[in-house]
2 protein chains.
Amino acid sequence: MQSVKPDQGQSEQIASQLRNDIISGRMKEGAPLREIALAKQFKVGRGPIREALQRLSHEGMVTAKPNCGVRVAASPPNSIQELIIPLRRTLETFALRSFYHDLKPTDFQRWDDILQRMRRACENCDYASTVELDIEFHQSIVERAEQSDLLSIWLTMVSRLRHQFQQGHRKYDDAMKIYYEHAAIVAIFQTGDLEQSLQTLEWSIS
Amino acid sequence: MQSVKPDQGQSEQIASQLRNDIISGRMKEGAPLREIALAKQFKVGRGPIREALQRLSHEGMVTAKPNCGVRVAASPPNSIQELIIPLRRTLETFALRSFYHDLKPTDFQRWDDILQRMRRACENCDYASTVELDIEFHQSIVERAEQSDLLSIWLTMVSRLRHQFQQGHRKYDDAMKIYYEHAAIVAIFQTGDLEQSLQTLEWSIS
DNA sequence: ATTACCCAAATTGTCAACAATATAACCTGA
DNA sequence: TCAGGTTATATTGTTGACAATTTGGGTAAT
C-alpha cells in the first residue's frame, strides 16, 4: 500500500520542518505554535506534534510554558557566541583526534561530496545552502567519532547559534571564501599531520 | 480535593525518579524500560511516561530504538571526562564572569546554605549527598547567570558524567576535602577579585 | 541437526475524546 | 471611567483504545 510509510521518525520529520521554518525566519520570535493547528497542517494527531515540540524545546528553538503552549524562543544574546566558539573548538578537535588515526577513503568521499555541493552553493551565492553545508561539514566530523554523547552535546550548543545563521554572519561576506576554507581543511587532513589538522580546524571555527 | 496536585511537571517528576534509579545503579545498563509497566507503576497513562522517557533519552540516560523501546544507556567511555572537564571550565567561568560585577548578599546566602549542607554530608561521610551538593553548587553558578541557554548546555554535558558519579570518583577520597574546597571558592568570591575567583573555580573542576 | 520460514505475543506508534487550566472578553458596581 | 470579579472560549494535559511493527519461538523441509 502506498499509505504505508516507513514512518520511523515521523516526529523527527515534523521537528525538522519546524526547525527550518524557525531558522529561515519564516516564524518570528514569540510566534505561538498551536498543537491543533500543526496537527491539521501535518495531517497527524497531536501526539507526534507534542513530541516534536518537546524536542525543539530541549534544543532551545522554542520555549514551553506549562498549560500555555510553546512559542518561538527569543534569540540568545550575541554574546553567547563568545562562549560557544571555544566550546566548539574543544569538542570538534576532541572528536577529530579520536578517529584521526583511522581515517578511511570513505571519510574523504563524504567530505568531497559536501565540498562539491558547497562549491555549487557558493558559486550560486545560495546563502541558505552554504550555511547548511557549513553545519553539515562540522557535524560530519562530530558524527565520525561515533560517540552519540559528543553529537548530543554539539547539537545542544550549535542550535543556539540560529540567530547568527539567520542574519548573514560577517563570515560569509565573500561568497567563495567559505568553500576554499573548508577545501583547505580537507587538504590538510589528507596530509596526515594531526597537529596541523587540529590547528586548521580550530582556526576555522569563528 | 487531595488528588488535585499542582501537576505542572508530572512528566518531570517521573523523569527525575527514573534518573535517580539509574544514577544510583538500581537499574543496570541495558535494562529495558517498558512503557506499560512504568505506567502502572506510576499510576498514570502512557503519555506522561513517553514524555519522561524522551527527556531522559535526550539527556543520554537511556537509548531509544524506534519500535523497540528504551534501555538504560551504556556508560560513555571514561575518556569523555577529558572532554567535559575543559568544557565545564569554559562554561562555568563564562557564567561567573557574566554576573560577578553584580554579586548580592542573597547569592552568598544561597552558597552558604549549600556549604552548610555539604559540611554535614561530608562529616557523615554521606557520599550520595556530597555528590549531589557538589553538582548543586556548580549548577547554582550557571543558574545565576540567568541565561537558560547556558543551563541547557551545562546540563547536557554534566548528565554524561553519571558513571563517574556512580562509582566513587577518586576526587572524594578524603571525605572533608570537597567541603573545604568549595568553602575556599566562596571565600575567594567574597574578596571581589575576579581573576583569582575564575582561576580558583577553574581549578576546582576536575 | 540446521536453516528458512511463518506465526503469535508483546511492545511501541498513533489517534480521537475527555478533563483541567489559562487567557480574554464581558459585565457589574462604584 | 476604571477596578474587580465572572463567565466563555480556546488550548494544553491526560487517558484508553486501536493500528503497526518488532521479536522470539515453533515448525517443517532439506
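Naming: A, B, ... by sequence-line order, numbering from 1 per chain.
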How long is the line joining CD of E35(A) and C1' of dT21(C), in whole Å?
13 Å
Check this one for me: any side-chain N or O of R50(B) less than 4.0 Å away from OP1 or OP2 of dG13(C)?
yes
Could you check how far CG of N67(A) sits from C1' of dA19(C), rounded to whole Å?
12 Å
In whole angstrom, what separates E12(A)'s CD from dG13(C)'s C1'?
16 Å
Base, sugar-phosphate, or nothing: which does L33(B) touch, judged by heavy atoms less than 4.0 Å apart?
sugar-phosphate
I want to check one thing: is the phosphate of dT12(D), taken as OP1 and OP2, less than 4.0 Å away from some side-chain N or O of R46(A)?
no
Is there a side-chain polar atom (N or O) of Q10(A) under 4.0 Å from OP1 or OP2 of dG13(C)?
no
Are S152(B) and H58(A) side-chain neighbours, meaning at least one heavy-atom pair lies under 4.5 Å?
no
Touch class at under 4.0 angstrom, heavy-atom based, for G47(A) against every strand present
nothing
Rounded to whole angstroms, how far apart are CD on Q13(B) and C1' on dG13(D)?
15 Å
Just N and O in the side chain of K65(B): are any of them under 4.0 Å from OP1 or OP2 of dT23(D)?
yes
Can you tell me the distance, in whole Å, between the CD atom of Q54(A) and the P atom of dT12(D)?
14 Å
CZ of R71(B) versus P of dT22(D): gap in Å, rounded?
16 Å
Just the rounded figure in Å: distance from P of dT14(D) to NZ of K40(B).
21 Å
Do R88(A) and L161(A) come within less than 4.5 Å of each other through their side chains, counting heavy atoms only?
yes
Can you check whether L53(B)'s main-chain N or O pairs, donor with acceptor, with S57(B)'s side chain at less than 3.5 Å?
no
V44(A) side chain: which of dT23(D), dC15(C), dT12(D) is closest?
dC15(C)
Counting side-chain heavy atoms from C-beta on, which of dA22(C), dT14(C), dT12(C) comes nearest to P48(A)?
dT14(C)
Okay, side chain of E136(B), backbone of I114(B): is any donor-acceptor separation there less than 3.5 Å?
no
Report yes if the side chains of V62(B) and L18(B) come closer than 4.5 Å at any heavy-atom pair, otherwise no.
no
Check the distance between dT11(C)'s C1' and I49(B)'s CD1 and give it to me in whole angstrom.
15 Å
Whichever of R34(B) and K43(A) has the more 5' nearest nucleotide on DNA chain C, that residue is R34(B)
